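Okay, structure first, notes after.
Reminder, nothing fancy here: chain letters follow the sequence lines and each chain counts from 1. Quantities reported herein were computed from a predicted structural model and do not represent experimental measurements.
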Amino acid sequence: MSEPSDEPKLSDVLRDRREKLGRIREAGIEPFPHEFSQREDIAEVRAAHEGLAPGIETESRHRVAGRIAARRGHGKACFLDLRDGSGQIQLHAREDLLGAEAYELLVDLDLGDIVGVEGTAMATRRGGELSLAIDRWRLLSKSLRPPPDKYHGLEDTETRFRRRELDLIANEDSRRVFRIRARTISEVRRWLDEHGYIEVETPVLQPLYGGALARPFVTHHNTLDRDLYLRVATELYLKRLVVGGIDRVYELGKDFRNEGVSHKHNPEFTMLEWYEAYSDYEKTAHDLELLVAEVAERVLGTTVVKRGEVEIDFAPPWRRITLREAILERSGIDIAEHPSREALARAIGGEPDPSEGWGKLVDGLLSRDVEPGLIQPTFVFDYPTELSPFAKAHRSEEGLVERWEAFAGGVEIANSFSELNDPDEQRRRFEQQAAEIARGDDEAQPYDEVFVEALEQGMPPTGGVGLGIDRLVMMLVGAANIREVLLFPAMRS
RNA sequence: GCCCCUGUAGCUCAGUCGGUUAGAGCGGCGGCCUUUUAAGCCGCGCGUCGCGGGUUCGAAUCCCGCCGGGGGCACCA
């Protein structure tokens with residue numbers, strides 16, 4: 001659908017618009033003028049005349065601009081729907097107000113053309129719809145391609161995702177999703193800023209990747225003649241900043257993981273990570289439920305969101321359960337009774353993949369049996385050490401680390417731990433990861449000496465959180481697919 | 001990577017036990033209409049039936065391959 005403009009055979013629709021453009025130029029009208037200043041947002045005009053009684057014609061003049069979304073002609077008058085970024089308003093165009101020539105040119109416009117108009121506010125007699133009775137107008141940009149169907153909108157998913165501009169033109173639902181996304185990100189920032197966190201930017205291109213169990217994208221720096229990785233997480237750099245004395249730090253940006261796409265995965269996605277010194281995973285859990293509830297309240301006006309038929313309430317406190325209990329509850333398997341890889345594999349019943357250690361098997365139980373059932377916001381606490389190379393050992397449970405993951409709508413939305421700050425223990429964890437790599441796990445962590453040395457410098461006890469922004473937005477808008485909340489999601493091609 | 005489904009006009013879709021010239025609504029074009037609301041009325045179909053090959057007297061329809069999309073599996077803190 002992205003053929004060049006000199007395609008050999010234009011459809012009649014396209015040809016007609018080209019011809020119309022020619023006629024406009026011949027008439028001495030510039031179809032792409034430079035500006036249309038001193039206009040009001042359509043939403044402001046609407047607000048100024050809310051509740052105007054049917055049949056009333058005011059003297060109140062307004063100047064607005066936007067795209068023509070629909071037209072209903074009546075001979076020597078017509079109605080146009082004009083939409084800008086703030087909203088939509090009806091225009092009443094009458095030949096007696098505009099003059100014959102201006103009226104004819106207006107009627108000759110196409111749906112999708114962008115115009116600026118001036119007129120007085122009125123409400124129609126029967127419907128009482130607020131309208132502008134226009135007496136001046138000007139073409140601001142000629143549209144050479146037809147807009148999507150004005151009633152059905154644009155439904156083809158491929159076109160909606162590949163040509164998001166058409167989706168935004170056609171579908172109010174889509175416009176709403178991305179307004180909510182923007183407000184969500186801004187409210188998350190505001191919450192962190194107000195709680196004393198410093199926002200930072202760390203490298204996206206990294207000589208060594210780390211901070212998450214994931215495969216990276218590899219790229220190449222030409223003049224340095226070396227491979228670099230696109231970050232899979234911001235974790236290790238942010239903790240170095242905590243070592244540096246930034247006690248409350250966060251970064252909100254893209255991570256990249258070389259993985260397949262699914263309804264909850266996109267190769268590049270927006271992640272928030274924050275770290276608070278002198279804190280632990282109990283505190284971060286409390287902060288997360290507070291943050292999400294406050295953001296939902298500010299963005300949506302409620303902590304309750306609908307997801308299909310189900311209502312999810314983000315008001316704290318969220319349910320808390322240990323990983324062991326969660327798995328026992330959903331699968332009947334008590335992982336504590338099967339401490340070896342072989343025993344657990346036997347309990348599950350499948351033949352274990354040689355690249356899967358005990359931790360991976362536990363992880364499999366979690367994502368297959370537990371995660372889909374966690375609809376109301378839930379913290380799952382206390383994970384196997386093997387799965388969490390950067391989390392601190394549990395203060396009382398052998399073999400576990402102080403880590404939780406938060407789930408809602410059957411999807412993981414956040415992850416947190418009491419950060420490991422013992423450099424020697426961190427070294428041992430990296431060695432464990434090396435063993436996983438040797439076993440064939442290509443998502444294990446490469447050894448990062450600079451990071452360990454940073455810990456040797458001394459890092460205070462710290463709580464850290466990663467919150468998946470796309471997934472949070474999915475929850476807030478009730479989307480079942482991550483692509484609905486990404487403007488330009490990854491597509492096969 | 002595997003399995004299933006799918007691709008028809010600018011948009012939304014019908015048509016597929018193989019059979020005349022491929023249809024509808026919206027949009028577009030021409031005409032009527034000065035308070036409509038998916039405005040209405042009259043007339044006009046604007047098309048590489050995803051692409052390539054095959055079977056057949058005849059293919060949108062059946063077969064094979066390719067490309068795009070969707071769903072599921074796998075993968076994925």
side-chain N/O A/K150 vs B/C26 OP1/OP2, d < 4.0 Å: no
Row check, A/F488 ring normal vs A/R164 NZ/CZ: under 6.0 Å, within 45°: no
Atom C1', compared across B/C5 and B/G52: separation rounded to whole Å: 22 Å
Nucleotide nearest A/D149 when distance is taken to its side chain, options B/U37, B/C26, B/U35: B/C26
Touch class at under 4.0 angstrom, heavy-atom based, for A/A214 against every strand present: sugar-phosphate
Side-chain touch A/Y383/A/E402, heavy atoms, less than 4.5 angstrom: no
Sugar-phosphate only, base, or nothing, as touched by A/D96 at under 4.0 Å among non-hydrogen atoms: base
Among B/G28, B/U37, B/U35, the nucleotide that comes nearest once only the side chain of A/R72 is considered: B/U37
Base partner of B/G52, which must satisfy Watson-Crick or wobble distances under 3.5 Å: B/C64
A/F381 and A/Y281 aromatic centres sub-6.0 Å: yes
C1' atoms of B/C66 and B/U12, separation to the nearest Å: 28 Å
Sugar-phosphate, base or nothing in reach of A/E235, heavy atoms under 4.0 Å: base
Integer angstrom distance from the C1' of B/A60 to that of B/G18: 10 Å
Under-4.0 Å side-chain N/O to phosphate OP1/OP2 contact, A/N258 with B/C75: no
For B/G1, the Watson-Crick or wobble counterpart (both distances under 3.5 Å): B/C73
Any A/K20 side-chain N or O less than 4.0 Å from OP1/OP2 of B/C29: yes
Pairing partner of B/G43 (Watson-Crick or G-U wobble, both distances under 3.5 Å): B/C29
Which nucleotide in B/U35, B/G71, B/C75 has an atom nearest any side-chain atom of A/N481: B/G71
Contact nearer the 5' end of RNA chain B, comparing A/K76 with A/E129: A/K76
Pairwise P distance for B/U8 and B/C62, with rounding to whole Å: 15 Å
Donor-acceptor pair present, A/S131 side chain and B/U35 base, under 3.5 Å: no
Distance, C1' atom - from B/U61 to B/G19, rounded to whole angstrom: 11 Å
Sugar-phosphate, base or nothing in reach of A/R403, heavy atoms under 4.0 Å: base
Touch class at under 4.0 angstrom, heavy-atom based, for A/G211 against every strand present: base
Sugar-phosphate, base or nothing in reach of A/F269, heavy atoms under 4.0 Å: nothing
Distance between C1' atoms of B/C49 and B/U6 (Å, rounded): 14 Å
Donor-acceptor pair, side chain of A/E371 and main chain of A/L366, under 3.5 angstrom: no
Touch class at under 4.0 angstrom, heavy-atom based, for A/R71 against every strand present: sugar-phosphate
Touch class at under 4.0 angstrom, heavy-atom based, for A/E57 against every strand present: base
Validation row: A/E289, A/F314 side chains within 4.5 angstrom (heavy atoms): no
Phosphate OP1/OP2 of B/G69 contacted by A/R162 side-chain N/O (<4.0 Å): yes
A/G73 vs A/P148, nearer the 5' end of RNA chain B by closest nucleotide: A/P148
Rounded distance in Å between the C1' positions of B/G10 and B/G47: 11 Å
Parallel, tilted or perpendicular: ring planes of A/H92 versus A/F79, cut at 30 and 60 degrees: parallel
